[in-house]
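Below, chains carry the letters A, B, ... as their sequence lines are ordered, and counting in each starts from 1.
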Amino acid sequence: MDIRVRYAPSPTGHLHIGNARTALFNYLFAKRKDGTFIVRIEDTDTERNVETGIESQLDHLAWLGITPDETIGQNETHGPYRQLERLDIYRQHAEALMEKGLAYKCYCTKAELEAEREAMREAGEDKLHYSRKCLGLPDQDKPYAIRFKVPNESTYPFEDIVKGDVRFSSDDIGDWVIVKQNGIPTYNFACAIDDHLMEISHVLRGEDHITNTPKQLMVFDAFGWTPPTYGHMTLIVNTHGKKLSKRDESILQFIEQYRALGYLPEAMFNFIALLGFSPDAEREIFTPEELVERFDERRLSTSPATFDAGKLAFINNRYIKTLSLEATVALCRPFLEEAGIGQGQDDDWMESLVAVFKDRLSYGKQIVNLYDDFFNRPFAIEPDAMEIITQTGVDELIRAFTRLVEQSTTLDADTYKALIKDAGNATGMKGKMLFMPIRIAISGTMHGPDLPKMMHLLGRDVLIERLEQTLTIRETSDK
RNA sequence: GGCCCGUUGGAGAAGCGGCUUAACUCACCAGCCUUUCACGCUGGCAUUCACGGGUUCGAAUCCCGUACGGGUCACCA
């Protein structure tokens, strides 16, 4: 059997991390099995559609490296791929069901249904199912929706790729609407019809869809079709265990946001692939090719996948480290320019800046924070570092080094390195007691980037200023 | 409330009946390397898998119950 899978977003906005995960896993599944990856647009909620929604979805998918084999304007063997262009198809199928007595027209208004549900709620009913009061009514000249007549006492079992045996009882499902009053089908109806007509073999989707599965199975049953194999992937939750909510602004959830911050697409691909899937390996960094190779639907996790921003930062940092200096400069430059950093400086300076921070960079825009923290922070020495600064001989060392800097005419990283050495020779300081006081004197901290490079970047004036400040701080505190 | 699902260290996450005195990654700590830092390397970091019972020669792994967390019950997708 041909493997055909689909990613079926509604064009309601930007690409969400959860949808990206669904798209990615379907893509991996298809590529792994030499199948076809289809993108279908589910735009049946006309009120929520966004004009540029389709374009935006495809664009961000492409950025991630996820490209459809079949979609709008591309290998249209099973089109159209936009549900609003398939209205006739759904209409015909709904008619067919009504003829068979498996569906019926419902003339209830929204208000009536609301009242009906409210009454049931007050009566303490668990199941707020539609009363079926329109079932068997003669045709009327009023607007109507079409409902599926859910069979009694049927069970809908299926073997879920992720969850194993799952079954639902039809008694828990009320007669649901398959075609809305506006003539547009509902999600579950359109989805089932399309999955059949597009010959979808496997449906990998989020677990929030699992209760939709029996409804879709009913449609397959009603037409005598064979349903696809379903797999429901775990939800992506935040660190508090809650499903990622698009309204939660404490977590960046749209691919576009990461793209704008200078995250790398391969790193995002890597990170997202680990959301509910774990390759059989003792590492976490994988190229897209490796992920395709290693993807195994049997290794999809059953417990919720936690969105761990720290891990994303780690993965992206690992990818940035493998970049060439030129590529990293290219990544950072727009953010630096936007922040007005490096104006009047030459390309060498910008390259030095990036070189100094490259290894600690988690995303492109972070260069701005690192820069600010390094240059614009009021100079202070952290408590741990004071212990070293106050040791005897340190003042002499700093004075000696300051003098050398003042006297030197050429000041590049290599010169600074030599000057440190000279200061050591002049004062008898060496090893940690040579480098550490100087490091602290110019950065205020014991940890940081390469010392000579850092000095070069800081520039002679700031350097001398900080060295002098350090002496002052030392004198006023060492008692 | 009904129906589904989940619960492993500071964090992520493997393991799905004996090979586990619970992998790996991140974070943290220590040592080595480097005249500093970072990188890299080595070692440390859960006697224990939400809790209670059961099945078994043997359970993190199977069963039942409890607690907690989550999903879903629309003319949204």
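Note on A/His209: a base of the nucleic acid sits closer than 4.0 angstrom, heavy atoms only. At a threshold of 4.0 angstrom between heavy atoms, the contacts of A/Thr44 are confined to the sugar-phosphate backbone, with no base atom among them. Within the nucleic acid shown, A/Ser301 comes within 4.0 Å of sugar-phosphate atoms alone, with no base atom in reach, counting heavy atoms only. Contacts of A/Pro449 with the nucleic acid, taken as non-hydrogen atoms under 4.0 Å apart, include base atoms. A/Arg299 comes within 4.0 angstrom of the backbone, heavy atoms only, and of no base. The residue A/Thr302 sits close only to the backbone: its heavy atoms come under 4.0 Å of sugar-phosphate atoms, none of a base. Contact annotation for A/Met454: no contact, since no heavy-atom pair falls under 4.0 Å across all strands. Among the heavy atoms of the strands, none lies under 4.0 Å from A/Cys191. Counting non-hydrogen atoms under 4.0 angstrom, A/Asp450 reaches a base of the nucleic acid. Using a 4.0 Å heavy-atom criterion, one finds that A/Lys432 contacts the sugar-phosphate atoms exclusively. As judged by a 4.0 angstrom heavy-atom cut-off over every strand, A/Ala313 is placed among residues making no nucleic acid contact. A/Leu235 comes within 4.0 angstrom of sugar-phosphate atoms only, judged by non-hydrogen atoms across all strands, and of no base. Across all strands shown, A/Glu42 has heavy atoms under 4.0 Å from sugar-phosphate atoms exclusively, and none from any base. Within 4.0 Å of A/Ile184, counting heavy atoms only, lies no atom of the nucleic acid at all.
Between A/Tyr363 and A/Tyr263, the ring planes are parallel. Angles under 30° get that label, and only those over 60° would be called perpendicular. Between A/Phe158 and A/Phe168, the ring-plane angle classifies as parallel under the 30° and 60° cut-offs. Using the six-membered ring where Trp is involved, A/Tyr130 and A/Tyr104 have ring planes that are parallel, under 30° apart on the 30 and 60° scheme. Classification of the A/His14-A/His60 ring pair by plane angle, with boundaries at 30° and 60°, yields perpendicular.
Between B/A14 and B/U25, the two C1' atoms lie 11 Å apart (nearest whole Å). Rounded to the nearest Å, the gap between the C1' atom of B/A60 and that of B/A50 is 12 Å. Going from the C1' atom of B/C45 to that of B/G6 covers 27 Å, rounded to whole Å. Taking atom C1' in both B/C51 and B/A59, one finds a spacing of 16 Å when rounded to whole Å. Between the C1' atoms of B/C33 and B/A22, the separation comes to 32 Å (whole Å). Taking atom P on both nucleotides, B/G15 is separated from B/G53 by 28 Å, rounded to a whole Å. Annotation: B/C68 and B/U20 have their C1' atoms spaced 28 Å apart (nearest Å). For the P atoms, the distance linking B/U61 with B/G54 amounts to 14 Å, nearest Å.
Counting non-hydrogen atoms of other residues, nucleotides and ligands closer than 6.0 Å to CD of A/Glu55 gives a total of 12 or fewer. Enclosure of atom NZ in A/Lys321 by more than 12 non-hydrogen atoms of other residues, nucleotides or ligands within 6.0 angstrom is indicated.
A/Glu284 places its CD atom 16 Å from the P atom of B/A11, with the value rounded to the nearest Å. Taking atom CD1 on A/Ile236 and atom P on B/G71, their separation rounds to 13 Å, with Å as the unit. Per the geometry, CG belonging to A/Asn317 stands 12 Å off C1' belonging to B/A38, to the nearest Å. Taking atom CG of A/Asp165 as the reference point, atom P of B/C16 lies 19 Å away to the nearest angstrom. Here the P atom of nucleotide B/A77 and the NE2 atom of A/His16 are 18 Å apart, to the nearest Å. Atom NZ in A/Lys243 sits about 10 Å away from atom C1' in B/A77, given to the nearest Å. Distance A/Ile442 CD1 to B/U36 C1': 11 Å, rounded to the nearest Å. Distance A/Lys321 NZ to B/C26 C1': 12 Å, rounded to the nearest Å.
Taking every side-chain heavy atom of A/Lys163 into account, B/C5 is the closest of B/C5, B/C76, B/G71. Distance from the side chain of A/Leu113 is smallest for B/C75 among the nucleotides B/G12, B/C26, B/C75. Here the nucleotide nearest the side chain of A/Pro304, chosen from B/G12, B/U35, B/G6, is B/G6. For A/Glu207, counting side-chain heavy atoms from C-beta on, the closest listed nucleotide (B/C5, B/C3, B/A77) is B/C5. The side chain of A/Ser278 lies closest to B/A13, out of B/G2, B/A77, B/A13. Listed nucleotides B/C75, B/G71, B/G12 differ in distance to A/Arg117; the shortest reach to its side chain belongs to B/C75. Distance from the side chain of A/Asp308 is smallest to B/G12 among B/U72, B/C76, B/G12. For A/Thr186, the side-chain atoms get nearest to B/A77 when compared with the rest of B/A23, B/A77, B/G2.
OP1 or OP2 of B/A38 has not a single side-chain nitrogen or oxygen of A/Lys358 nearer than 4.0 Å. For B/C37, the OP1/OP2 oxygens have no side-chain nitrogen or oxygen of A/Ser443 closer than 4.0 Å. Taking 4.0 angstrom as the limit, A/Ser169 places none of its side-chain polar atoms (N or O) nearer than this to OP1 or OP2 of B/C3. Residue A/Lys430 has no polar side-chain atom (N or O) positioned under 4.0 Å from OP1 or OP2 of B/U34. Side-chain nitrogen and oxygen atoms of A/Arg147 include at least one within less than 4.0 Å of the OP1 or OP2 phosphate oxygen of B/C75. Dashed line: the shortest gap from a side-chain N or O of A/Lys417 to OP1 or OP2 of B/U36 is not under 4.0 Å.
Two residues, A/Gly310 and A/Phe168, neighbour RNA chain B, and the one matched to the more 5' nucleotide by heavy-atom proximity is A/Phe168. Nearer to the 5' terminus of RNA chain B, by closest-nucleotide assignment, is the contact made by A/Ser303 (compared with the other of A/Ser303 and A/Phe435).
Nearest heavy-atom pair, A/Cys332 versus A/Val354, reported as atom, atom and distance to 0.1 Å: CB-CG2, 4.1 Å.
Remark: RNA chain B forms stems of 3 or more consecutive Watson-Crick or G-U wobble pairs, all pair distances under 3.5 Å, at B:1-7 with B:67-73, B:10-12 with B:24-26, B:28-32 with B:40-44, B:50-54 with B:62-66.
For the pair A/Arg21 and A/Phe25, the distance from NZ or CZ to the six-membered ring centre is under 6.0 Å and the angle to the ring normal is within 45 degrees.
With 3.5 Å as the limit, one finds no donor-acceptor pair spanning the side chains of A/Arg6 and A/Thr22. With hydrogens and angles left out, the side-chain atoms of A/Tyr7 and A/Gln57 include a donor and acceptor closer than 3.5 Å.
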Item to check | Test log, rule ring-ring contact (aromatic ring centres under 6.0 Å, His included), inputs A/Phe307 and A/Phe271 | outcome: CA-CA 10 Å; A/Phe307 184 92; A/Phe271 172 72; 5.4 Å; yes
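Below the 3.5 angstrom threshold, one finds a donor paired with an acceptor across the side chain of A/Asn212 and the base of B/A77.
Between A/Ile315 atom CD1 and A/Phe286 atom CZ the span is 9.5 Å, to the nearest 0.5 Å.
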